[in-house]
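In what follows, a structure is listed as structure tokens, so that the remarks can point back to it.
What you see is a predicted model, and the numbers here were worked out from it, not measured in a lab. All residue numbers in this chain count up from 1 along the given sequence.
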Amino acid sequence: MKQTFIPFVLFLLVGAVLYGQEKNTTSSLKTKKIQIVDSITVQQISDELPTTVVATKTKDTVVFALEDLKRARIVDSLWLQELYKSELFEDVYGTITNQTYEAVEYEELPTEVLKERLAQLNARTPFNVEYNPSLESVIKHYLKNRRRTMGRLMALSDYYFPMFEETLDKHNLPLELKYLAIVESALNPRAKSRVGATGLWQFMYNTGKIYGLEVSSYVDERSDPLLATEAASQYLKSLYNSLGDWDLALAAYNSGPGNVAKALRRAGGYTNYWNIRHHLPRETAGYLPAFLATMYIFEFAKEHGFTSEGPAIPYVATDTLHVKRMITLEQVAKITNVDLQELQFLNPSYKLDIIPFIENENYVLRLPLDAVGKFVANEEAVYAFAEKEFNDREKPLPEFFEESNSVQYRVRSGDYLGRIAEKYGVSVSQIKRWNGLRSNRLKVGQRLTIHTKKTASSGSISQAKASAKGEVEMYTVRSGDSLWSISQKFPGVTVQNIKKWNDISGTKLKPGMKLRVSQG
């Protein structure tokens, strides 16, 4: 009995030691148990009258407790949500395109006072801030109808403006150009216009590429605040050097130098923005007034009763570190106890909330200063934790590929996501993620970005393997199939091939029909 029992005990002890060593390499992050109290208010009928009762429940939970944090951080998550509210961007964009310039009654700002303040602005900026009725209309409209929007923008500006000013100063550009990001994106680094311009400074894909902003399946550098501001500074400097006037440079930033050049020609020698404005596209015609009105309200914010409580996360209280292995923002949030929304706010360029590790690429993670210390002090354990989570996942992460491998698909009558996904060998969920779709509904004429990596649909191909020489491969027609979509599944096969091999004269197909898709 003893001889068999002792080895068994030793086996258990050795197993426990080995398990402990493995656990230490992958999960050596310190944890602690805390109690959470959940509460909910419910309506209860008492003596035929409703009363409110608060029900509570206490439960234990485990959180990571890294030692570098010496005080609890208070995160104003409601403020962070302001960044991702699309209606803020839509409000700004809609105001520019639909501005009427009709007279606005606003007794708090007499015309004479406005003229005096605009003269002050004109004296201290390189922009032509001169009074005219159109500008007065825009300013008073903002003050009367957009006070809440402007207040929210001021809260966001407390974080972004120091960053903008640092880069603008480096390029010796007017610091007032920081207001351009408000007009462009409402300070939303993930803002995307109807034509595909993206980020704080609304770069189109090709223009961003020219100025070094790369786009991949994981990362859109147009949404990186620092990189995009650097690119915008270079672009604005180039436009000013070409046009020699900041008003015209801003117009060119919005609609392109070509439209400004055409407006100058049509104006018959006039070069002042206000004299050529009616020759510019509608959006650009409202662009500079929106910029000047925004500048005025920000510069005279106190006079109009605007106050900002400051950012929840000051820019100077953050820092970056280079990632050494792939990691997700969700994993970082778990480990550092930093709110996920806060991490998304600080790292908006990661489209899937995944920071990839790719050779010769330097991707960084921006964190609050106190969280940086925690991350670095426990770096190996952090990456081991992330690697273990990746290995435990059932589905693989998306492969890295360049955005230039994508195509723009225009939705046709009768299209649905399943048909389009099958056509390009991708999944419906991928199409929805790439295009920010929340439902499966499509509109005729709608444009979809598809990353082309064609694979045959195994569910509809009989013996989904390359047929050996001499064998005939058959395909079972599914609902929504067409001869063209089937031909795309087989390299080198054309519609005419399928018609010839199956003795088909027309194009109509029925689900369940068997088609020969190889010559054999």
Using the test salt bridge (Lys or Arg N to Asp or Glu O under 4.0 Å), find all partners of Glu130 that sit at least two apart in sequence or belong to another chain. none
Is there a donor-acceptor pair under 3.5 Å between the side chain of Glu361 and the backbone N or O of Ile358? no
His279 versus Tyr270, side-chain donor and acceptor atoms under 3.5 Å: no
Okay, side chain of Asp415, backbone of Val411: is any donor-acceptor separation there less than 3.5 Å? no
Locate the shortest heavy-atom distance separating Leu243 from Ala252; write the atom from each residue and the value. CD1-CB, 3.7 Å
Only counting residues at least two apart or in another chain, list the ones meeting side chain to side chain donor-acceptor pair (under 3.5 Å) with Arg265. none
Salt bridge (Lys or Arg N to Asp or Glu O under 4.0 Å) partners for Lys443, two or more places apart: none
Using atom types as modelled and distance alone, determine if a side-chain donor or acceptor of Lys351 lies under 3.5 Å from a backbone N or O of Ser216. yes
Are side-chain heavy atoms of Leu292 and Tyr273 found at a separation under 4.5 Å? no
Does NZ or CZ of Lys144 lie under 6.0 Å from the centre of the six-membered ring of Tyr106, at an angle within 45° of the ring axis? no
For a 4.5 angstrom cut-off between non-hydrogen side-chain atoms, does His304 reach Leu109? yes
Applying salt bridge (charged side-chain N to carboxylate O under 4.0 Å, His left out), run through Lys334 and Glu389 and close with a yes or a no. CA-CA 12 Å; Lys334 287 180 184 177; Glu389 277 209 344; 3.0 Å; yes
Would Leu180 and Leu236 count as a side-chain contact (heavy atoms from CB on, under 4.5 Å) if you check the C-alpha gap in whole Å, the side-chain angles of each, and the deciding distance to 0.1 Å? CA-CA 11 Å; Leu180 189 63; Leu236 285 163; 4.0 Å; yes
For Ser349, side chain to side chain donor-acceptor pair (under 3.5 Å) partners two or more places apart: none
When rounded to the nearest 0.5 angstrom, what distance separates CZ in Arg148 from CG in Leu153? 11.0 Å
Compute whether any side-chain donor of one residue and acceptor of the other, for Glu136 and Thr111, lie under 3.5 angstrom apart. yes
When you measure from the side chain of Gln202 to the backbone N and O of Gly199, does any donor-acceptor pair fall under 3.5 Å? yes
Using atom types as modelled and distance alone, determine if a side-chain donor or acceptor of Asn122 lies under 3.5 Å from a backbone N or O of Leu118. no
Could you list the residues that satisfy salt bridge (Lys or Arg N to Asp or Glu O under 4.0 Å) with Arg325, not counting sequence neighbours? Glu380, Glu387
Here the pair of heavy atoms bringing Leu168 nearest to Ser233 is CD2-OG, 3.7 Å
Sequence neighbours excluded, the answer for side chain to side chain donor-acceptor pair (under 3.5 Å) partners of Asp220 is Arg222
Do Phe203 and Tyr235 come close enough that some side-chain heavy atom pair is under 4.5 Å? yes
Just so I know, are the side chains of Met295 and Leu121 near enough to count as touching, which here means a heavy-atom distance under 4.5 Å? yes
Are the side chain of Lys374 and the backbone N or O of Thr336 linked by a donor-acceptor pair below 3.5 Å? yes
Trp246: which of Leu177, Thr125, Leu239 passes side chain to side chain contact (heavy atoms under 4.5 Å, CB included): Leu177
Does Leu227 offer a backbone N or O that forms a donor-acceptor pair with the side chain of Asp224 under 3.5 Å? yes
So Arg277 and Ser134, do their side chains get closer than 4.5 Å, heavy atoms only? yes
Taking atom CG of Asn241 as the centre, does the number of heavy atoms from other residues, nucleotides or ligands within less than 6.0 Å exceed 12? yes
With the side chain counted from C-beta on, respond yes when Val332 and Leu367 share a heavy-atom pair under 4.5 Å apart, and no when they do not. yes
Could you pull out all residues at least two apart from Asp245 that satisfy salt bridge (Lys or Arg N to Asp or Glu O under 4.0 Å)? none
Considering only heavy atoms from C-beta outward, does the side chain of Val364 approach that of Leu321 to under 4.5 Å? no
Closest approach of Lys140 and Val104, non-hydrogen atoms and distance? CD-O, 3.5 Å
Heavy-atom check, side chain of Thr294 versus side chain of Tyr142, under 4.5 Å: yes
When you check the side-chain N and O atoms of Asn254 and Thr284, is any donor under 3.5 Å from an acceptor? yes
Backbone of Phe357 reached by a side-chain donor or acceptor of Tyr218 within 3.5 Å: no
Could you walk me through whether Tyr211 and Glu230 pass the side-chain contact (heavy atoms from CB on, under 4.5 Å) check? CA-CA 9 Å; Tyr211 287 92; Glu230 173 66 27; over 6 Å; no
Taking the six-membered ring of Tyr296, is the NZ or CZ of Arg117 close enough (under 6.0 Å from the centre) and on axis enough (within 45°)? no
Are there more than 12 heavy atoms of other residues, nucleotides or ligands under 6.0 Å from atom NZ of Lys324? no
Decide yes or no on side-chain contact (heavy atoms from CB on, under 4.5 Å) for Leu173 and Tyr240, but give the supporting numbers first. CA-CA 10 Å; Leu173 296 173; Tyr240 177 74; over 6 Å; no
If the condition is side chain to side chain contact (heavy atoms under 4.5 Å, CB included), which residues does Arg410 pass it with, not counting sequence neighbours? Arg447
Just grab all the ring pair (Phe, Tyr, Trp, His ring centres under 6.0 Å) pairs involving residues 169-194, residues at least two apart or on different chains. Phe161-Tyr179, Tyr179-Phe298
Kindly state each residue pair satisfying side-chain hydrogen bond (donor to acceptor under 3.5 Å, both in side chains) with at least one member in residues 313-322, sequence neighbours excluded. Thr318-Arg366
For Pro189, does its backbone N or O pair with a side-chain atom of Ser185 as donor and acceptor, under 3.5 Å? no
If you take all heavy atoms of Pro225 and Ser223, which pair is closest and at what distance? CD-O, 3.3 Å
Centroid-centroid distance, Phe291 to Tyr287, less than 6.0 Å: no
For residues Arg190 and Thr198, is any side-chain donor paired with an opposing acceptor at under 3.5 Å? no
Shortest non-hydrogen separation from Asn272 to Trp274 and the atoms involved: OD1-N, 2.8 Å
Assess the pair Trp201 and Phe164: is the distance between their ring centroids shorter than 6.0 Å? yes
Could you go through the side-chain contact (heavy atoms from CB on, under 4.5 Å) check for Asp353 and Glu330 one step at a time? CA-CA 7 Å; Asp353 289 346; Glu330 186 178 0; over 6 Å; no
Check: Glu184 side chain, Leu200 main-chain N or O, donor-acceptor pair, under 3.5 Å: no
Who are the side chain to side chain donor-acceptor pair (under 3.5 Å) partners of Asp169, not counting sequence neighbours? none
Over all atoms of both residues, closest heavy-atom pair of Ala251 and Leu280: CB-CD1, 4.4 Å
Under the side chain to side chain contact (heavy atoms under 4.5 Å, CB included) test, which residues partner Ala103, sequence neighbours left out? none
